[in-house]
Amino acid sequence: MREVVAIDGPSGAGKSTVARAVARALGWTYVDTGAMYRAVGLKADRLGVPLDDDPALEELCRHTRIEFRRDEAGEPRVFLDGEDVTQAIREHRVSDLASRVSARRPVREAMGRYQRRLGEEAPSVLEGRDIGTVIFPDARVKVFLTASPEERARRRTEELERRGQPLPYEEVLRDILARDANDSSRAHAPLRPASDAVVLDTTGLGPGEVVARIVALVRGAGPSADPMPPGRDAVTRRPG
Ligand code: DC
């Protein structure tokens, strides 16, 4: 079984906060796959590459370097061709660019190859939309995080406010519903839980509870848990 925790789900379900904390708790590498699609969307937009031009996007991906590094405080930072784009890729308009390029097959193939390489290099926690279904179907633990659209819109509105880019709640909710529809209905790797994923609804749950649940799943799903040693809590084992 692959030393990978796959954390998938729609935007605003709390994936980033949870995935980072799980990686920290386990001492594993954290990989934000959404940041890759955001970086590609940003670059395509800057270069004026049409977001549905597959040959041009394939070429663009071939000449794009996306790196994850940590700053002095240990916070993850994203670099696009050597430029720190950690802030730029979080702008509201980049969410739409990312959603559009992420529907294109050559982009998914290039990013998928990169994600597999990272996950094979070191034990990793990958957050995204298709990690458990497509990228690492053999992940040690698969979690699908959800929350009601209203709760996700509320969290996202607060986050934008904190960043000094406030938007009305109604507009954020509308965008979330549109992106959900886009991400779930696309032909390539649509958003859906893997059949063996643990589905966690985080509506009304604090991140601490969710992180503890996932860490327990990982510790319960290791080779040492099979056969289960005495005293281990069976509830923490992954079903199936
Ligand atoms: O998680 P996020 O909001 O940063 O993701 C940005 C976009 O990329 C979003 O529209 C979904 C898409 N995405 C994807 O298709 N596959 C992934 N593994 C991660 C993100």
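As the structure is a computational prediction, the values presented were derived from the model and not from experiment. We count ligands from 1, going down the list as the structure has it; atoms in each ligand are counted the same way. Note that the numbering runs from 1 along the sequence shown for the chain. Below, all heavy atoms of this structure are taken into account, side chains as well, without hydrogens, waters or symmetry copies.
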**OP:** Give a yes or no on whether Arg116 atom CZ has more than 12 heavy-atom contacts from other residues, nucleotides or ligands under 6.0 Å away.
**Re:** yes

Original post:
Has Glu121 got more than 12 heavy atoms of other residues, nucleotides or ligands less than 6.0 Å from its CD?
Top reply: yes

Original post:
Within a reach of under 6.0 Å around CZ of Arg163, are more than 12 heavy atoms found that belong to other residues, nucleotides or ligands?
Top reply: yes

Subject >> Pair Tyr169-Glu150, side-chain donor/acceptor within less than 3.5 Å >> reply: no

Original post:
So which protein heavy atom does atom 8 (O) of ligand 1 come closest to, and at what separation?
Top reply: Tyr37 CB, 3.7 Å

Original post:
Going from OG1 on Thr33 to CZ on Arg129, what distance comes out if it is rounded to the nearest 0.5 angstrom?
Top reply: 7.5 Å

Subject >> Interatomic spacing from CD in Glu151 to CD1 in Ile176 - rounded to 0.5 Å >> reply: 10.5 Å

Subject >> Which residue and heavy atom of the protein sit nearest atom 7 (C) of ligand 1, plus the separation >> reply: Ala98 CB, 3.7 Å

Subject >> For ligand 1, the portion of Asp32 having any non-hydrogen atom under 4.0 Å away >> reply: neither

**OP:** Tell me, please: is Met111 in heavy-atom contact with ligand 1, that is, under 4.0 Å?
**Re:** no

Original post:
Which residue owns the protein heavy atom closest to atom 1 (O) of ligand 1, what's the atom, and how far is it?
Top reply: Arg129 NH1, 2.9 Å

Original post:
If you round to the nearest 0.5 Å, how far is NZ of Lys15 from OG1 of Thr202?
Top reply: 10.0 Å

**OP:** Would you kindly specify which portion of Arg108 sits under 4.0 Å from ligand 1, judged on non-hydrogen atoms: side chain, backbone, both or neither?
**Re:** side chain

Original post:
Going by the atom numbers of ligand 1, which of them fall below 4.0 Å from some non-hydrogen atom of Arg179?
Top reply: 3 (O), 9 (C), 10 (O)

Original post:
When only distance counts, is Arg38 in polar contact with ligand 1, meaning an N/O pair under 3.5 Å?
Top reply: yes

Original post:
Hey, is ligand 1 close enough to Asp130 that some N/O pair sits below 3.5 Å?
Top reply: yes

Original post:
Which residue from Ser102, Ser95, Ala13, Ser16 reaches closest to atom 12 (C) of ligand 1 through any of its heavy atoms?
Top reply: Ser102

**OP:** Provide the closest heavy-atom pair for Leu205 versus Asp201 in the form atom of the first, atom of the second, distance.
**Re:** CD1-O, 3.7 Å

**OP:** Note the single closest protein heavy atom to atom 19 (C) of ligand 1, along with its residue, its atom name and the distance in Å.
**Re:** Thr33 OG1, 3.4 Å

Original post:
Where does Met36 meet ligand 1, judged by heavy-atom distances below 4.0 Å: at the side chain, the backbone, both, or neither?
Top reply: neither

**OP:** Below 4.0 angstrom from a heavy atom of Ser99, which ligand 1 atoms are there? Numbered from 1 as shown, please.
**Re:** 10 (O)

Subject >> Modelled atom types, side-chain donor and acceptor of Thr17 and Arg155, under 3.5 Å >> reply: no

